[in-house]
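A short write-up of the structure that comes next.
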Amino acid sequence: MTIKIQCPCGSKYSFEVDPVEGRMPYAVNCPTCNADGTQLANQIIAETSGKPRLRVHTAAPTAPIAPEAVEAPPPRPPAPSLSAAMQRMQRERRQFRVMGWIAGAVAVIVVALLAAWGWYAFVGCKPRMEYSVKVPASDAGWYTEFLDPNVILLASPDKAIAHDLKTGKDLWTREYSEKDSSQAPPPQTFIDKDSIWICLGTRVLRLNRATGDLKLAIPIGGEFQSFTPSATSLLVVSSKDETTRLACRIDLASGEVSTETITVPRAQKHAMPNELPPNVQPTAGVLLAQAMDEQKFGKPLDAMSSEFFSTGDNLVELRVKLLEPHVTFVQSIKPRGPTHITANLTANSSTADVAEEVFNDIKRDQTGGVKGIDESRYEATLRRWIGAAPVEWKGETTGVPMFFSLKTVDLLVAGHQLTVFDKENKKLFDAKLAYPVNNRYNPENWDHHSVPAVEGNGGLYFFDEGVLTAFSLPSGEVRWRLTSVGISKVQFDSHGALYVNSTSGNPDDIQYSDQIKFDKTAPVLLKIDPSSGKILWQVAKEGQGAFLSGPYLYTASAQQGGIAMANGLAEALNAPRPDAPTFFHIYRLDPSDGKILWDFYREEAPAELSFQQNRFMVRFGSDVQVWKFLDYLR
């Protein structure tokens with residue numbers, strides 16, 4: 001159809017068009033002023049389409065027919081101009097490019113994070129050697145420990161060195177002014193806030209921690225016996241003669257020295273009858289073992305002894321006097337049962353079962369298969385120096401008395417009895433134990449450092465050979481008990497959780513401690529809620545001892561390898577085990593669930609091992625190594 005339009009500017013123009021749905025299919029403009037004429041064209045098309053049309057009917061209607069009304073279509077929005085369409089296209093292209101850049105940046109970040117995580121998981125979090133030094137000789141009495149996370153101390157009988165791990169240089173070296181004898185014990189150290197205290201057997205040195213300057217030299221009179229640090233003082237005990245002890249207490253804050261000359265009773269031994277216990281058969285092997293080791297069955301008892309302890313606030317002497325000797329012998333190897341060797345031996349019999357039976361028979365014939373338990377009556381005297389004169393407490397015990405000092409209480413343990421004292425020598429409470437403490441705490445075996453208890457959370461957590469008991473302080477009320485055989489250490493972390501080193505053993509392992517078993521008990525680490533005794537988690541075979549340093553949890557183990565049969569035969573004959581490598585592991589565990597984060601492995605047992613946050617130091621012979629790992633906790 002032909003459309004004629006008069007523009008508001010006065011110009012007239014026309015054009016041919018085929019409307020689409022009653023509207024212009026495209027935009028038109030005035031050829032004179034370029035004004036948009038599309039709206040006027042749409043109006044003309046609508047008016048033309050709305051004219052009445054002639055309709056023809058074959059039959060006359062019975063009533064007049066009204067013309068059909070035609071509804072006008074709704075107005076359509078004007079079509080965009082070419083320039084507007086181009087602008088919109090350009091805008092969409094810019095948005096697309098920006099989205100592409102954002103998506104690419106996100107992809108790069110994700111790849112970088114994955115790469116960083118992969119590097120950390122497989123490389124960064126694993127320990128790497130940060131420092132290594134050779135000390136002159138492994139038998140020269142060197143001692144190493146951390147001064148702080150970035151500095152280590154190396155001390156020998158001749159000098160002390162502080163080494164900075166960050167710079168790789170020695171901060172200071174201090175040679176002692178005098179040389180001790182070649183028979184002097186290895187140096188023992190204690191580090192406080194400002195000083196380094198070094199005990200050399202003949203004197204105690206105080207060095208400035210920052211510079212290494214010698215601030216104090218304290219001579220030790222007599223023959224050196226023990227060096228015991230505490231939170232507030234150092235105790236050095238020496239022997240002037242058989243009945244005179246010099247107890248030198250050094251105040252850590254002031255450096256003041258006070259020495260007590262104490263007369264002690266002469267040490268005595270009570271000889272036991274040198275005869276076999278009634279439940280031991282006098283076989284040739286037993287008689288030979290008794291002849292070679294007179295203390296096997298007739299072990300003499302300490303009839304009179306004296307030992308000194310530093311309790312932090314004061315000095316304590318434990319005097320022990322034998323009142324009535326009595327040693328009970330019990331089976332330490334299970335009695336013979338049904339044998340695997342005779343009629344019961346079949347093709348399905350376990351080689352290990354047969355070997356265990358043979359080796360236990362050999363050991364029983366060699367040693368008698370028994371052990372002695374000291375159930376003698378003793379008089380224990382605690383002499384505590386609070387003022388000028390000691391305050392005494394006396395009591396009788398069944399079994400050898402042992403003394404241990406904690407932060408606010410002291411413990412006297414003997415056989416199945418535990419007695420707890422405050423720092424004024426007042427008895428707080430007694431408790432009955434299910435088992436005695438382990439033999440490692442007996443006076444002849446004790447290292448003078450480990451304690452079968454820990455204090456914290458308002459309570460005392462004490463363990464014997466088979467039970468961990470939580471007592472309230474100072475009342476002694478039992479909060480809870482946990483049965484676990486082979487507990488060797490309990491300690492708190494910085495959040496108040498209790499970690500317990502134990503084993504997978506059972507009560508039979510306590511009595512039958514000499515039994516040869518190829519299936520050894522496994523070490524077990526437990527994390528416990530100290531308020532309820534609930535086990536939060538436990539893991540087995542992941543280290544024999546736990547170490548806590550800041551937020552980090554480590555375990556370590558050293559096990560000698562070798563052929564099980566050869567090792568079992570050596571144990572049965574009480575002979576040295578064949579030479580075999582030692583498998584040493586350090587595990588880092590996740591404190592939340594006990595899972596292993598990494599494993600450090602060597603085929604050699606270290607002479608020294610210590611931890612400081614995300615570093616650990618090991619000494620293999622004369623080689624001192626410091627290892628470090630990265631962690632998001634630091």
Side-chain angles (χ1 to χ4, degrees), residues 130-138 140-222 224-238 246-259 310 312 449 549 607-608 610-613 615-617 619 622 624-626 628:
E130 184 181 27
Y131 169 78
S132 177
V133 65
K134 291 281 188 180
V135 294
S138 60
W142 282 89
Y143 175 79
T144 61
E145 70 175 297
F146 283 97
L147 279 177
D148 61 46
N150 297 311
V151 180
I152 62 171
L153 173 69
L154 298 97
S156 76
D158 299 326
K159 62 182 177 181
I161 302 170
H163 183 86
D164 192 325
L165 298 175
K166 283 188 174 181
T167 63
K169 298 179 180 179
D170 293 339
L171 295 177
W172 52 260
T173 300
R174 174 58 54 192
E175 293 189 0
Y176 314 139
S177 57
E178 301 176 6
K179 301 293 184 182
D180 289 87
S181 68
S182 58
Q183 303 299 322
Q188 300 181 59
T189 67
F190 180 77
I191 300 171
D192 62 17
K193 182 180 179 181
D194 302 314
S195 303
I196 301 171
W197 300 84
I198 302 177
C199 180
L200 298 171
T202 60
R203 54 199 165 130
V204 176
L205 305 180
R206 183 183 188 181
L207 306 182
N208 184 287
R209 180 169 174 167
T211 64
D213 293 337
L214 180 62
K215 300 170 63 177
L216 188 64
I218 305 168
I220 298 175
F224 172 77
Q225 287 195 332
S226 65
F227 172 76
T228 309
S230 69
T232 58
S233 64
L234 304 175
L235 173 64
V236 181
V237 178
S238 58
L246 300 177
C248 175
R249 295 184 74 244
I250 306 170
D251 185 87
L252 292 177
S254 64
E256 294 182 359
V257 180
S258 60
T259 301
S310 174
H449 297 290
S549 182
E608 288 182 299
S610 60
F611 297 87
Q612 180 62 256
Q613 299 284 339
R615 287 184 172 96
F616 62 88
M617 180 165 52
R619 179 167 68 84
S622 60
V624 179
Q625 302 174 4
V626 178
K628 179 183 179 181

Can you name the ring-ring contact (aromatic ring centres under 6.0 Å, His included) partners of Y131, sequence neighbours left out?
H163
List in chain and number order the residues that pass side-chain hydrogen bond (donor to acceptor under 3.5 Å, both in side chains) with S610, two or more places apart in sequence or in another chain; answer none if no residue qualifies.
none
Before giving the answer on side-chain contact (heavy atoms from CB on, under 4.5 Å), spell out for S238 and V236 the whole-Å C-alpha distance, their side-chain angles and the decisive distance to 0.1 Å.
CA-CA 7 Å; S238 58; V236 181; 5.5 Å; no
Locate the shortest heavy-atom distance separating P187 from L200; write the atom from each residue and the value.
CB-CD2, 3.9 Å
Applying side-chain contact (heavy atoms from CB on, under 4.5 Å) to K628 and L165, what does each step give before you reach the verdict?
CA-CA 10 Å; K628 179 183 179 181; L165 298 175; over 6 Å; no
So which atom in Q612 and which in P149 form the shortest heavy-atom distance, rounded to 0.1 Å?
CG-CA, 3.3 Å
Closest approach of I218 to C248 (non-hydrogen atoms, all atoms of both residues):
CG2-SG, 4.5 Å
Exam field: side chain S622 to backbone K134, donor-acceptor pair closer than 3.5 Å:
no
Check: E130 and V626 side chains under 4.5 Å, non-hydrogen atoms:
yes
All salt bridge (Lys or Arg N to Asp or Glu O under 4.0 Å) counterparts of D213, not counting sequence neighbours
R174
Is there a side-chain contact between N150 and R615 (heavy atoms, below 4.5 Å)?
yes
The criterion is salt bridge (Lys or Arg N to Asp or Glu O under 4.0 Å); which residues satisfy it with E608, sequence neighbours excluded?
R619
Hey, could you give me the CG/NZ distance between L207 and K215, rounded to the nearest 0.5 Å?
9.5 Å
Take W197 and I250 through the test side-chain contact (heavy atoms from CB on, under 4.5 Å) and record every step on the way to the result.
CA-CA 10 Å; W197 300 84; I250 306 170; 3.6 Å; yes
So how far is it from I198 CD1 to Y143 OH, rounded to the nearest 0.5 Å?
10.5 Å
Check side-chain hydrogen bond (donor to acceptor under 3.5 Å, both in side chains) between D251 and all other residues, then give those that pass, not counting sequence neighbours.
S254
Distance check, rounded to the nearest 0.5 Å: I191 atom CD1 versus L252 atom CG?
12.5 Å
Atom of P229, atom of F190 and distance for their closest heavy-atom approach
CB-CD1, 3.3 Å
T228: which residues meet the side-chain hydrogen bond (donor to acceptor under 3.5 Å, both in side chains) condition with it, sequence neighbours left out?
none
Minimal non-hydrogen separation, W172 against N208, with atom names:
CZ2-O, 4.1 Å
Looking at every heavy atom in both F224 and G201, which two are closest together, and how far apart are they?
CB-O, 3.2 Å
Roughly how far, to the nearest 0.5 Å, is CD1 of I161 from OG1 of T173?
4.5 Å
Roughly how far apart are L153 CG and F146 CZ, rounded to 0.5 Å?
11.5 Å
Drop me the distance from R249's CZ to L234's CG, to the nearest 0.5 angstrom.
9.5 Å
Please answer whether the main-chain N or O of D158 pairs with a side-chain N or O of S156 as donor and acceptor at a distance below 3.5 Å.
yes
